Structure formats: C-alpha cells, structure tokens
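The structure appears right after this line, and notes come after that.
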Amino acid sequence: MSENQEYEIMVIGDAEYKTLLTDKYKHRSPYVRPKASDVTAFIPGTIREMFVKEGDKVEKGQILLILEAMKMNNRLEAPMTGVVKQMLVKTGDIVSKNQILVVVK
Amino acid sequence: MSLRSKTNELRKRMKSAASGGGDKAIEKQTAMGKLTARERIVALLDEDSFQEYDLFVEHAAKDFDMANKYLAGDGVLTGTGTINGYPVCIYAQDFTVAGGSLGYMHARKIVKIMDHALKLRVPLIGINDSGGARIQEGVNSLAGYGEIFYRNTLASGVIPQISVILGPCAGGAVYSPALTDFVFVVDKISKMFITGPEVIKSVLGEEISMEDLGGARVHASLTGNAHFYAESEKECFDQIKTLFTYIPWNNGKKAESFQPKQPKSRTFKLGSIIPSDSKEPYDVRDVIKALADESDFFEIQAMWAQNITIGFARVNGETVGIVANQPMYLAGVLDVDSSDKAARFIRYCDSFNIPLLTLVDLPGYLPGIDQEHAGVIRHGAKLLYAYSEATVPKITVILRKAYGGGYIAMCSNHLRADFVFAWPTAEIAVMGPEGAANIIFRKEIKEAADPEKMRLEKVEEYKQKFANPYVAAAYGYIDAVIEPRETRKFIVHSLAISKNKEVRLPNKKHGIPPF
C-alpha cells in the first residue's frame, strides 16, 4: 500500500524525512503570542453586562464586563491601567474560548 | 396449582420479560440499523451459551408516576456465556426499554454481574446502548454509575474489561468505557460524548451533529477513545472474538498457546521492506507481518496516532504485544498521542502477562510549540514509566534509527529490556547525523571556504563513526547485532528462554505515573 501514497517532507534534527502527515498534525493550530493588552474569554460563554465603553480610562483590576459561563458570572478585569481602545463584543454575544473581547491600551 | 401450570406461568412471565420494549420500540431499533440487546448477545456469544440472570428484576422508582410503569428487565440484560469456549460475564443495555436509561435496579443488575466477573475471574463485556441517567430516579441513577465506575477500577488489570458502544453513550455513562481496557465502536451507530450537541449549542452557539461530535470515526481517529472501529455490528463482534484469542481470562493466567505457524515469508521479506536510507518511509506493519505466525497482526487503535503501531500477534504460537514506530506517519516520531497510546498498551500487556516486542525506528520526539504546550514532557514520560515498570519479557529490535530520547524510551536496555537486538542498519546515536554534525562541527563548517561542502563531509564523517549499532554494542547496550532474516529466530528463542522471568519491583502501594 505504501507505493501509492503521497509522501511529504518533515524536518527533524536538520534531516528531511519522507512521510505521511496525519490529519491531526495538518490541522494543528498555529501559535499566537498572547498580548498583554487583550482581554480574552478564558471559557466559552455569554456577555451579560458591560461596564465600560471605548475611550474610557480604566485602572488595572477594574471590572470591565461579566462573562457568564456554566451558570457562573465571571468578572473580567482590565489587565493594565490605560484606555479602552476597542470593545469587540456587546451584551448578549456568545463568545468562544480565547476570543478577544476588549483591547486596553 | 400443578407443576405444569406453574411451569406455564413461568414461561409466560419469561416471555413477557424478554420482550423488551415491545414490537414498536423494537421496530424503531431495527430501523436505526441496530440489533436488539438480546440479538447482540446471541450474535457475540457461542451458540446456546447465554445464561441469563435477573430477568424479573423490576425498577424501584416511585416518583413521577413511575410506580405504574413496567420496564422489562429494567432495560438491561445480564448473564454469562462463552466466546470461543472462554467464559465471560456480559451485560447489554436494551434501548427499547425506556431508552436503555440507567436507573437504580438497572445499575444493580450491571453491578451484580460485574461482581460475578471479578469473583469468578472471567472477562466482562458491557454492551452500551443507553440514553443516559434515568432522570426520574434522580440521585439513585448517579449512585448507579458511581458503583459501576468503582468496580471498573477494581477490576482493572485483574480481568479483561471490554466496552462495546452500540448506540448512544452520553454524559457520565461514557466513563465506564473509558475505565475499561478496550472500546469497540461501529460506524453510524456509536455515539459518545460528555455534553451533547444541544448543550453545546445553547452554551456556545456552535452547531455540530452527533456524528461529528462523538461518532465512531471521531473516537477511532481523533480522540483515541475507541480501540476498534467496525463498519457493522457483525464486524465488531468478529473483532471481539478475535481479540479473545490473544488475551488471557485474567491476570493470573497466560494467553492460550496456538499451534506455531510460519510467517508468509514470500509476501513479507524482512530483507527488502526497509529502505537503507533512514529518511525513506515504509510500512512497519510489513515488518510485523514478516515476524508473526501466519503474518497475522491484530492492530489496535489503527486510525489514531498512526505514528506508533500497537497490537497483538503470535510468535511461535504465543501471544506477544507489539509496539513499533511507524515511519510511514510523521516519520515515526513520539509525540503526546503516540506516547499515550503505547504506554497504556504496555501496561495492558504487563497486567495480563503478555510479552512485549518493541520495534524501533524513530528520529526522536516531535518538535513543535503545540507539542510542548500540550505537555509532551508529561505524556512522553508515560512511555518511560510504562516500559520501566513492566516486568513481562521485553524484547527490543532496533531496525534503523534510534536517536536521542527516542532511543531510551523505546524499551532500551536501560529501561530493562531483557534482550536488545539491532540490525546492521541500526543507527544508535544521541541525534541524527545532520543535526549532530551541525553542532559538533559548527566552527569548522562556518569557517570553511565552502561551508556546504564541509557540512556534507562532516555529516558523512559522523555517519561513518556513529550511525551504526557497533558503538552501542561495544558498551553492551545491544545484546546482539543480527541479520534481518534471523530476527524471528532470535525472538522465538528469547521468548522461550524468558518463560520463567521473575522480577520483583520495590514494595509499594502503587506508583505515581504521569497521568
């Protein structure tokens, strides 16, 4: 069966190996470096309440919004003191894990 | 009343109790392409060998009008029988009775047959086809699951436990299969998940079908939760029957010996399967077939983490558990999934007195951010742990590459392989020649007039010096360098000589493996 396969090249230890790639390997998600200014959803859920709007000055630790997930109201805080640069969600939005919700600068 | 009339009454009662959820429900079950619970047991066990218990058990629910409801056998069949003449305890949930939902008495029946299996030291087979907890019975159905999980854990490593998923198996119910040794799934019939599509939709707004979320294919190829995938229930039962030829009844016994048979050496020639260039792929299953009796290899988890191949074969009539790097996929690297897959299999074999044969050809661990962040350190360690801990006979054959941490992990001499053989094509080194030369001769390469030419020269130099089995053999890390065609002979001899192997590990309650 191996003759008819379309082999690809995989580099390990500076050597190029001819091999098949598994679906899981091909579909692995690329690494994205988290930014300190982004407020992201650490769990999928629904935006229940928002306490700030774009342009507001915020203190580090100030509550920005309520993310409801698994029947818990999670308070999401400002990661730093600064200005709300972008509000990327609105009340009632369903958000997925790691989605960027607010950008503080 | 005469004996005759009492007998007639018994027959009447039996007929009613054995009728499941009635014609309409059975029709529905059949329309889904599914056999009934009773048909499944009959199809799986040896003819006329099923002896049923607790047929007259009735549910004990009082709330929500349940007191007036009759549920035949409370939605589950239990009993004993034989497969290929081997005794087994078995239960099968009956989806035609209240959706096979698990209530207090339903669970009591399962738990009773589990206790039997453990006490009698015979394998346990559970056929799962259930909508989940019987909500009307509240905390009692949760208690039922808990009792099942507890017994699964106690029986683990004592008797073989097999889960057959022939319908939905959702929520807490999935944890019983997860605790058992082997999970069988059938395309379009099996569905396993913790939270179903509806909950996912309401919480996340994401739509997904049951099949895409937790169908047979998903668990066989993506999650690794299933060990055997079949297209039909019949094929699934045949797989189970084959499995039983390879494993013992319990951890106090050895698997049955069969008449020794030669491999099909005309189809599978050891001398010509493996390309000499260690960067060229091949199918390691051909090597296994060249070594196995009748070239029969019973592969486990064939569709998941394909970069490592595991399964059973017989060599000279005796079952061996085989772990082999598969260069055809991901160059045969170790990664999170393949370490997990192999480690669990090694522990299975060790629990059930099945010798381990390890075939080595790997460039090492898979490099990558996703792997590091997925905890490849912890998962990779499982393999070291499992091999080190295993006290069954351990035979290792190094076919080609064995670099770095991969060399150590693949049942090396250092993890107490009993016999390590290497083919003349083996390259046992701290890393591949390319990588090693680039590091060791960095300065020479950089300063050379023609760095590329110098690099190639140095790679060749390293290859000549270290990419062979003789450096390791000189330290005694390899027991013998052998010709490929002698491999089976060496394995047969090693297995025969290890029959009475006895290793005592330090006394402990249990270890703390990295899981």
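Here is the naming used below: chain letters follow the sequence lines, and residue numbers restart at 1 for every chain. Below, each value reflects all heavy atoms present in this structure, side chains not excepted, and no hydrogens, waters or symmetry copies. None of these values were measured; they are calculated from a predicted model.
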Between B:P367, B:G404, B:P363, who has the most heavy-atom pairs with chain A when the cutoff is under 4.5 Å? B:P363

I'd like to know if B:K201 and B:E198 make a salt bridge, using a cut-off of under 4.0 Å between side-chain N and carboxylate O. no

State whether B:K401 and B:E427 are salt-bridged, where the test is any N-O pair (Lys NZ or Arg NE/NH1/NH2 against Asp/Glu carboxylate O) under 4.0 Å. no

Tell me, out of A:V11, A:D23, A:T46, A:T22, who's got the most heavy-atom pairs with chain B below 4.5 Å. A:T22

Taking the six-membered ring of B:F297, is NZ or CZ of B:K289 closer than 6.0 Å to its centre and within 45° of its axis? no

If you tally heavy-atom pairs under 4.5 Å between each of B:E280, B:Q371, B:M431 and chain A, the highest tally belongs to B:E280

Region of B:I439 that comes under 4.5 Å of a non-hydrogen atom in chain A: neither

A:S96 versus chain B, the contacting section by heavy-atom distance below 4.5 Å: side chain

I'd like to know which of B:L330, B:V333, B:I369 tops the heavy-atom pair count under 4.5 Å against chain A. B:L330

Pairing of A:K85 and A:E54 as salt bridge, 4.0 angstrom limit: no

As a test of understanding, state which of A:L101, A:T40, A:I100, A:I43 forms a side-chain contact (heavy atoms from CB on, under 4.5 Å) with A:V95. A:L101

Electrostatic pair B:K279:B:E434 at N-O distance under 4.0 angstrom: yes

Does any heavy atom of chain A fall under 4.5 Å from the side chain of B:D337, the backbone, both, or neither of them? side chain

Chain B contact via A:I94 - which portion, at a heavy-atom distance below 4.5 Å: side chain

